[in-house]
Amino acid sequence: MVKISKPSFEKVDPSFGSSFSFKSFNQENQNRNHTFWHYHPEIELVYVNGGSGKRQIGSHISYYQHGDLILIGSNLPHCGFTDSLTDNDKETVIQFSPDFLGKNFWEIPEMRNVRVLLERAKNGIVFHGEDKNLIGEKIEALSSLTNYKRLLGLLDVLNMLENAKDFTLLNAEGFVLDTELEDHNRINVIFNFVKNEFKRNIALEEIADVVSMTVPAFCRYFKKTTGKTFVQFVNEYRLVHAAKLLHEKQISITDVCFESGFNNFSHFNKQFKKFTGKSPSVYRNEIKFAVS
DNA sequence: CGCGGGTTATCTCCCTTGAC
DNA sequence: GTCAAGGGAGATAACCCGCG
């Protein structure tokens with residue numbers, strides 16, 4: 001019997017005396033609760049000012065270094081994997097309901113651009129380069145402001161995000177969530193299952209059984225929802241984990257391969273090369289080179 | 001030479017998908 | 001939902017290369 005992890009709908013409470021939620025985490029205060037699969041109607045803006053980790057937004061999975069700035073739209077399932085924060089690393093999370101300033105606030109002409117940004121955020125947006133750093137600093141500076149100034153600052157940040165040039169849409173391939181809650185739950189169950197079990201072999205029959213579907217029905221459903229086949233998805237999940245291990249641990253490539261859920265080198269090598277354009281050893285050497 | 005770590009070739013099997 | 005075909009994923013093994 002397989003244990004099913006329940007899908008999670010996260011309830012977001014605004015900070016005291018405020019209409020949106022502002023939270024800051026550092027080495028001492030790491031009580032973050034978004035390392036599991038969840039979704040919520042509130043829009044979420046996350047800034048990590050250093051460190052590295054994995055992130056999954058919709059069906060997109062990737063590894064990041066030197067911090068991260070992402071904007072996650074309403075009801076887009078996501079999961080952060082930032083490793084334990086060290087030294088001066090800080091993670092700032094802002095969550096706000098799309099209508100926290102009133103139902104029609106984004107409709108006024110002055111907010112037209114932000115409305116476009118929030119629409120775009122339904123795909124998940126990651127920001128890079130100077131934009132990431134400048135806006136990130138601005139976000140961190142919000143912590144020292146009064147509630148009133150903080151709200152103005154947030155609008156300012158949203159405007160900067162809209163003007164940013166250096167960004168990537170994470171989920172552009174079209175991650176489609178059915179509006180029915182039941183289907184919402186189904187994909188959550190699948191993602192959580194993969195998250196917990198990716199280090200071992202997952203037979204299609206097994207995962208299909210978990211969500212009470214036949215194997216062909218499952219394949220069709222998964223492709224329709226994520227734009228990928230199930231095997232592709234799990235492979236990407238494993239490859240991102242492998243990239244992370246290559247960066248962070250001094251273990252042999254063989255060990256990285258098995259640690260990531262692959263059962264043989266040859267296949268791991270082939271997939272890794274297809275995914276990153278480099279073989280695992282070249283990939284790791286380039287990192288060493290960049291560091292020294 | 002033998003050994004360990006990494007890469008490539010090939011064959012089998014099961015995942016995916018189209019037809020019904 | 002079932003069935004079946006084809007193609008991609010995964011296993012096996014041969015191969016390469018640097019090192020003692």
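Note that this is a predicted model, so its numbers are computed, not measured. Letters A, B, ... are given to chains in the order of the sequence lines, protein chains preceding strands, and every chain is numbered from 1.
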For A/Phe262, report the nucleic acid contact type (base, sugar-phosphate, nothing); a contact means any heavy atom under 4.0 Å.
nothing
Backbone N or O of A/Phe233 within a donor-acceptor pair of the A/Glu236 side chain at under 3.5 Å?
no
In sequence, state the C-alpha distance, the side-chain angles, and the governing distance for A/Glu206 and A/Arg200, and then conclude on salt bridge (Lys or Arg N to Asp or Glu O under 4.0 Å).
CA-CA 12 Å; A/Glu206 185 184 354; A/Arg200 65 175 179 85; 2.8 Å; yes
Share the residues that join A/Tyr148 in a hydrophobic cluster, the rule being Ile, Leu, Val, Met, Phe, Trp or Tyr side chains under 4.5 Å apart at the heavy-atom level.
A/Leu152
Separation of atom OH in A/Tyr221 from atom C1' in C/dG1, rounded to whole Å:
18 Å
Taking the six-membered ring for Trp and the full ring for Phe, Tyr or His, determine whether the centres of A/Phe105 and A/Phe100 are under 6.0 Å apart.
no
Just to be sure I understand the rule, does A/Ser266 reach a base, reach only the sugar-phosphate, or reach nothing, if contact means heavy atoms closer than 4.0 Å?
base
Let me know the distance between CD of A/Gln232 and C1' of C/dG7, rounded to the nearest Å.
13 Å
Nucleotide range of DNA chain B lying under 4.0 Å from chain A heavy atoms:
B/dG6 to B/dA19
Let me know the distance between NZ of A/Lys270 and C1' of C/dA14, rounded to the nearest Å.
15 Å
How many Å lie between CG on A/Asn269 and C1' on C/dA11, as a whole number?
14 Å
In whole angstrom, what separates A/Lys228's NZ from C/dG8's P?
18 Å
I want to know whether A/Phe262 and A/Phe268 have ring centres closer than 6.0 Å.
yes
Between C1' of C/dA11 and CZ of A/Phe268, the distance in whole Å
16 Å
Rounded to whole Å, please give me the gap between OH in A/Tyr237 and C1' in C/dA9.
21 Å
Please report, rounded to the nearest Å, how far the P atom of C/dC16 is from the CD1 atom of A/Ile253.
20 Å
Assign each of A/Asn201 and A/Pro216 to its nearest nucleotide of DNA chain C by heavy atoms, then name whichever residue's nucleotide is nearer the 5' end.
A/Pro216
Backbone N/O of A/Ser62 and side chain of A/Arg55: donor-acceptor pair under 3.5 Å
no
Ring centroid separation A/Phe198 to A/His241 under 6.0 Å
yes
